[in-house]
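See below for the structure under consideration.
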Amino acid sequence: MRVLVQPQPFDPATLLDGFGSGAGAVVTFTGLVRGDGGIVALDIEHYPGMTERALQAHATAAMQRFGLTDVLVVHRHGRIAVGEAIMMVATAAPHRRGAFEAADFLMDWLKSRAPFWKRDIGPEGPRDWVAATDADEAALSRWDDPPG
Amino acid sequence: MRVLVQPQPFDPATLLDGFGSGAGAVVTFTGLVRGDGGIVALDIEHYPGMTERALQAHATAAMQRFGLTDVLVVHRHGRIAVGEAIMMVATAAPHRRGAFEAADFLMDWLKSRAPFWKRDIGPEGPRDWVAATDADEAALSRWDDPPG
Amino acid sequence: MTLDVLYFAWLRERVGVPRERIDTDAATVRDLAADLAGRDDWHAAALSDLTAVRVAIDQQLADLDAPLTGAREVAFFPPMTGG
Amino acid sequence: MTLDVLYFAWLRERVGVPRERIDTDAATVRDLAADLAGRDDWHAAALSDLTAVRVAIDQQLADLDAPLTGAREVAFFPPMTGG
């Protein structure tokens, strides 16, 4: 298990080298900054200390709940330009169902419970902080019951 | 959109270079040969011509159904050693839900409707052809209704 | 009617060849399987029980009762187990 | 009681500092927010309406009514929007 919170860009190929060795299924999710509304970047603020602890705790929970053989979470903070990757999760499991569900679960949690806050940056400078969405809350509530 | 059916090993980093440019979410699934039951490899047989056409058709269907901006499917045939990747699908979409569901859909289809047949290879040589499973059929039937 | 008939996986092993060109009067895939199964023991071993057999006509999945009108290539194979 | 209080995102901007060390007699997080909101206009702008405010005590998510017994660090922030 590996959890990284860093300002630097990350290289998926390097991080995934050897990941999932012995597993039958590896799922990765990568979140990229889209240029919607003419933005040029995002600023991501985090809570140093709490963010790393929360990610570690949820990566561990996902390992147990979905029977993973490995999990990787990397999340950037600071200014991230349009087109760049913000974060990636990778999950490894014996079969595809566990790997898919664990990645989906981790993403729903990251979107609404991980201590990150983001704001849009336009050509003119910082805009508003991005508001939390009901859709992200609803997505997370899917996991309240044990997986089927 | 890109569909590859080939005997050679593939390099995910090379195939994914530039994949999902402009998207907000990229999901990849990689299937690896596990050493269950003391096997040393799998032999994958395919139907040259039909396999490529069927993969193209389903990749196109997934693009439309899930609003993807890009899709990649690579599937090997021939002898594949334990620990090696058999196949990979990658999906790119504006938001995470479409990318996850499309990858999940493509995998369920690949497991039970794509023209590939596999057999276990032990240290002593070829064993039985792998039988289709009810679980894979059930997984595919999840997609009979329009996505929620 | 002249057809190319293809076999995959254990059907290929039982028939002994991956493909063959044959002449037949069969109207449907099921008729074709019966015709072939009556030709020798190898074809019979592959095609007398169609419970676990899938078919494609001209590289499109088809039912056993699909007509062969205009078909050039018919394939017999077990349920797929890709991925 | 001496506490480190941290602010994130728009709460940080309204208060004007990312963290401060304060003395308080507040028994709960909600009492602490009221205490701080009464100190000046900046704190009031951040903490008088707690509808969209989340809190953590010693880096664990907590309720507004959670007691501050033993707490060393309290953080106020908007709902998270990571990923």
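Hydrogens, waters and symmetry mates play no part in the numbers below; they use all other heavy atoms, side chains included. Lettering follows sequence order; numbering is per chain, from 1.
D/W10 has its side chain out of reach of A/R119: every pair of non-hydrogen atoms, C-beta onward, lies at least 4.5 Å apart. The shortest distance between side-chain heavy atoms of D/Q60 and A/R53 falls below 4.5 Å. A 4.5 Å side-chain heavy-atom check between A/R113 and D/L61 finds at least one atom pair inside the cut-off. For the pair A/F116/D/T81, no side-chain contact is recorded, criterion being any heavy-atom separation below 4.5 Å from C-beta on.
Residue D/D65 places its CG atom among more than 12 non-hydrogen atoms of other residues, nucleotides or ligands, all under 6.0 Å distant. In D/D63, the CG atom is not crowded: 12 or fewer heavy atoms of neighbouring residues, nucleotides or ligands sit closer than 6.0 Å. Residue A/D134 qualifies as open at atom CG: its count of foreign heavy atoms under 6.0 Å is 12 or below. Annotation for D/R72: atom CZ does not count as buried by contact number, only 12 or fewer foreign heavy atoms lying within 6.0 Å.
Comparing A/L110, A/L42, A/D128 by heavy-atom pairs within less than 4.5 Å of chain D, the highest count is held by A/L110. Per-residue counts of heavy-atom pairs under 4.5 Å with chain A were compared for D/A75, D/A9, D/A52; the largest is that of D/A9.
A distance of 8.5 Å separates CD of D/Q59 from CD of A/E52, quoted to the nearest 0.5 Å. Here D/M80 contributes atom CE and A/T51 contributes atom OG1; the two are 8.0 Å apart, rounded to the nearest 0.5 Å.
Contact annotation for A/A54: neither backbone nor side-chain heavy atoms come within less than 4.5 Å of a heavy atom of chain D. Looking at D/R12, the atoms closer than 4.5 Å to chain A (heavy atoms on both sides) all sit in the side chain, from C-beta outward. Only the side chain of D/A56 comes within less than 4.5 Å of a heavy atom in chain A; its backbone stays farther off. Contact of A/H77 with chain D is not made at all, since no heavy-atom distance falls under 4.5 Å.
Inspection of non-hydrogen atoms places A/I86, A/M87 of residues 83-93 of chain A under 4.5 Å from chain D.
Residues meeting the side-chain contact (heavy atoms from CB on, under 4.5 Å) test with A/Q6, sequence neighbours left out: A/L4, A/Q8, A/F10, A/V74.
Ring geometry for A/W117 versus D/F8: interplanar angle under 30°, hence parallel rather than tilted (30 to 60°).
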